[in-house]
Visitor: 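Got a structure for you, written out below as structure tokens; questions coming shortly.
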Amino acid sequence: MTSPEQISVRRLASEDLDDVIDFEIELARISFPEDPILDRGFHHKRLRRLVDGDGAFVAEAADGHLVGWLWASRRENFSTKKAYCDFHSLYVAQEVRGGAVAFRLMRELFDFCTRNELPSIQGRTAAGNTQMQSIYEAAGFTARHITFECVLDG
């Protein structure tokens with residue numbers, strides 16, 4: 001198993017985009033199994049603006065290949081105007097799941113919030129994504145809202 005010390009975390013760079021697009025497509029399949037967005041062009045357009053910015057990070061193994069990805073951004077509540085962190089994505093490659101990579105990326109998330117003076121983090125996950133729910137709970141998050149959906153015929 002990979003230890004946290006064997007993982008380096010750095011900002012997203014342009015050469016990482018192909019791997020991160022693969023990660024986002026797998027996340028789309030997990031989160032939206034009925035209708036995942038699989039179009040690489042869509043994901044490239046959405047992610048290229050994050051390159052070298054604060055809030056988009058990759059986890060890199062000692063051999064140089066990417067094993068994870070995290071994306072968060074600064075937001076402001078529209079009614080209270082209070083700043084918060086919007087936690088968009090966390091992905092850990094199948095071959096290294098089990099703690100170390102997720103731990104390092106979550107530590108980077110908390111550091112991002114500290115650097116940007118963001119007092120809270122809001123994140124979402126699919127109701128069936130029990131792995132992400134476990135990561136949230138292990139990191140000290142609590143469920144605050146539940147969304148229900150009713151799909152109507154026609």
Side-chain angles (χ1 to χ4, degrees), residues 1-4 6-76 78 84-113 115-116 118 121-139 141 143 145-154:
M1 182 172 287
T2 306
S3 72
Q6 296 173 306
I7 302 298
S8 62
V9 175
R10 60 175 172 75
R11 286 185 176 179
L12 176 70
S14 58
E15 62 268 14
D16 303 324
L17 283 176
D18 283 339
D19 288 333
V20 171
I21 289 168
D22 290 341
F23 297 164
E24 282 292 296
I25 287 173
E26 186 170 341
L27 285 172
R29 285 186 171 119
I30 293 166
S31 298
F32 307 101
E34 317 80 34
D35 193 23
I37 297 174
L38 306 177
D39 179 0
R40 295 185 69 78
F42 169 84
H43 290 287
H44 186 272
K45 182 178 180 181
R46 188 170 66 107
L47 298 173
R48 71 175 175 222
R49 65 183 170 82
L50 305 175
V51 170
D52 296 321
D54 197 19
F57 305 96
V58 292
E60 192 170 43
D63 66 3
H65 87 279
L66 298 187
V67 293
W69 138 259
L70 181 137
W71 172 22
S73 61
R74 178 185 174 84
R75 294 281 192 258
E76 186 178 277
F78 69 94
Y84 69 95
C85 174
D86 192 2
F87 181 20
H88 304 283
S89 288
L90 173 70
Y91 178 83
V92 176
Q94 182 72 36
E95 69 270 15
V96 294
R97 288 186 185 153
V101 175
F103 172 80
R104 281 287 288 119
L105 287 166
M106 292 302 285
R107 190 165 71 199
E108 192 64 41
L109 174 66
F110 290 117
D111 290 347
F112 167 78
C113 291
R115 284 191 308 273
N116 289 280
L118 302 172
I121 305 167
Q122 293 183 14
R124 295 152 300 284
T125 193
N129 190 345
T130 57
Q131 288 179 321
M132 189 62 208
Q133 291 169 27
S134 295
I135 291 169
Y136 275 130
E137 289 172 4
F141 287 70
H145 303 276
I146 299 172
T147 302
F148 290 89
E149 178 181 31
C150 178
V151 178
L152 305 174
D153 292 333

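One is the number of the first residue; the rest follow in order along the sequence.
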Visitor: Does Ser73 have any side-chain hydrogen bond (donor to acceptor under 3.5 Å, both in side chains) partners at least two apart in sequence or in another chain, and if so, which?
Guide: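 Ser73: side-chain hydrogen bond (donor to acceptor under 3.5 Å, both in side chains) contacts with Arg75, His88.
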Visitor: Can you confirm whether Tyr136 sits close enough to Phe87 that some side-chain heavy atom of one is under 4.5 Å from a side-chain heavy atom of the other?
Guide: yes
Visitor: With sequence neighbours excluded, what pairs up with His65 under the side-chain contact (heavy atoms from CB on, under 4.5 Å) test?
Guide: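 Here the qualifying residues are Ala61, Asp63, Val67, Glu95.
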Visitor: Using a 4.5 Å cut-off on heavy atoms from C-beta on, say whether the side chain of Leu47 contacts that of Trp69.
Guide: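 Answer yes - side chains close enough.
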Visitor: Measure from the side-chain N and O atoms of His43 to the backbone N and O of Phe23, and report whether any donor-acceptor pair falls under 3.5 Å.
Guide: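 Pair absent, no side-chain N/O of His43 close to backbone of Phe23.
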Visitor: Mind listing the closest non-hydrogen atom pair of Phe112 and Arg74 along with its distance?
Guide: CZ-N, 4.1 Å
Visitor: Taking all non-hydrogen atoms of both residues, which atom of Val101 and which atom of Gly68 are closest, and how far apart?
Guide: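 Minimum heavy-atom contact is CG1-CA, 4.3 Å.
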Visitor: Say you draw a straight line from CD of Glu76 to CG of Leu118; how long is it, rounded to the nearest 0.5 Å?
Guide: 11.0 Å
Visitor: To the closest 0.5 Å, what do you measure between CG (Asp86) and CZ (Arg124)?
Guide: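 The CG atom of Asp86 sits 4.5 Å away from the CZ atom of Arg124.
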Visitor: Out of curiosity, Glu137 CD to Thr130 OG1, how far, rounded to the nearest 0.5 Å?
Guide: 10.0 Å
Visitor: To the nearest 0.5 Å, what is the distance between CG (Asp54) and CZ (Arg115)?
Guide: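 Separation between the atoms: 5.0 Å.
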Visitor: Could you tell me whether the side chain of Phe32 reaches within less than 4.5 Å of the side chain of Ile37, counting heavy atoms only?
Guide: no
Visitor: Answer yes if the side chains of Gln133 and Thr125 hold a donor-acceptor pair under 3.5 Å, and no otherwise.
Guide: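 Absent: no donor and acceptor within the cut-off.
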Visitor: How close do Val58 and Leu105 get, heavy atom to heavy atom, and via which atoms?
Guide: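 That closest heavy-atom pairing would be C-CD2, 4.4 Å.
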Visitor: I'd like to check Phe57 versus Leu109 (side-chain heavy atoms, cut-off strictly below 4.5 Å). Are they in contact?
Guide: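 Sidechains of Leu109 and Phe57: no contact.
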Visitor: Atom CG in Asp16, atom CD1 in Ile21: separation rounded to 0.5 Å?
Guide: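 So the gap between those two atoms works out to 11.0 Å.
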Visitor: Can you pull out every salt bridge (charged side-chain N to carboxylate O under 4.0 Å, His left out) where at least one residue sits in residues 29-44? Sequence neighbours excluded, please.
Guide: Asp18-Arg40, Asp22-Arg40
Visitor: Mind listing the closest non-hydrogen atom pair of Ile135 and Ala102 along with its distance?
Guide: CD1-CB, 4.1 Å
Visitor: Considering non-hydrogen atoms only, spot the tightest contact between Asn129 and Met132 and give its length.
Guide: OD1-N, 3.1 Å
Visitor: Nearest 0.5 Å, please: how far is CG in Asn116 from OH in Tyr84?
Guide: 14.0 Å
Visitor: Please report the closest heavy-atom contact between Pro33 and Pro36, naming both atoms and the distance.
Guide: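 Looking at all heavy atoms of both residues, the shortest contact is O-CD, 3.6 Å.
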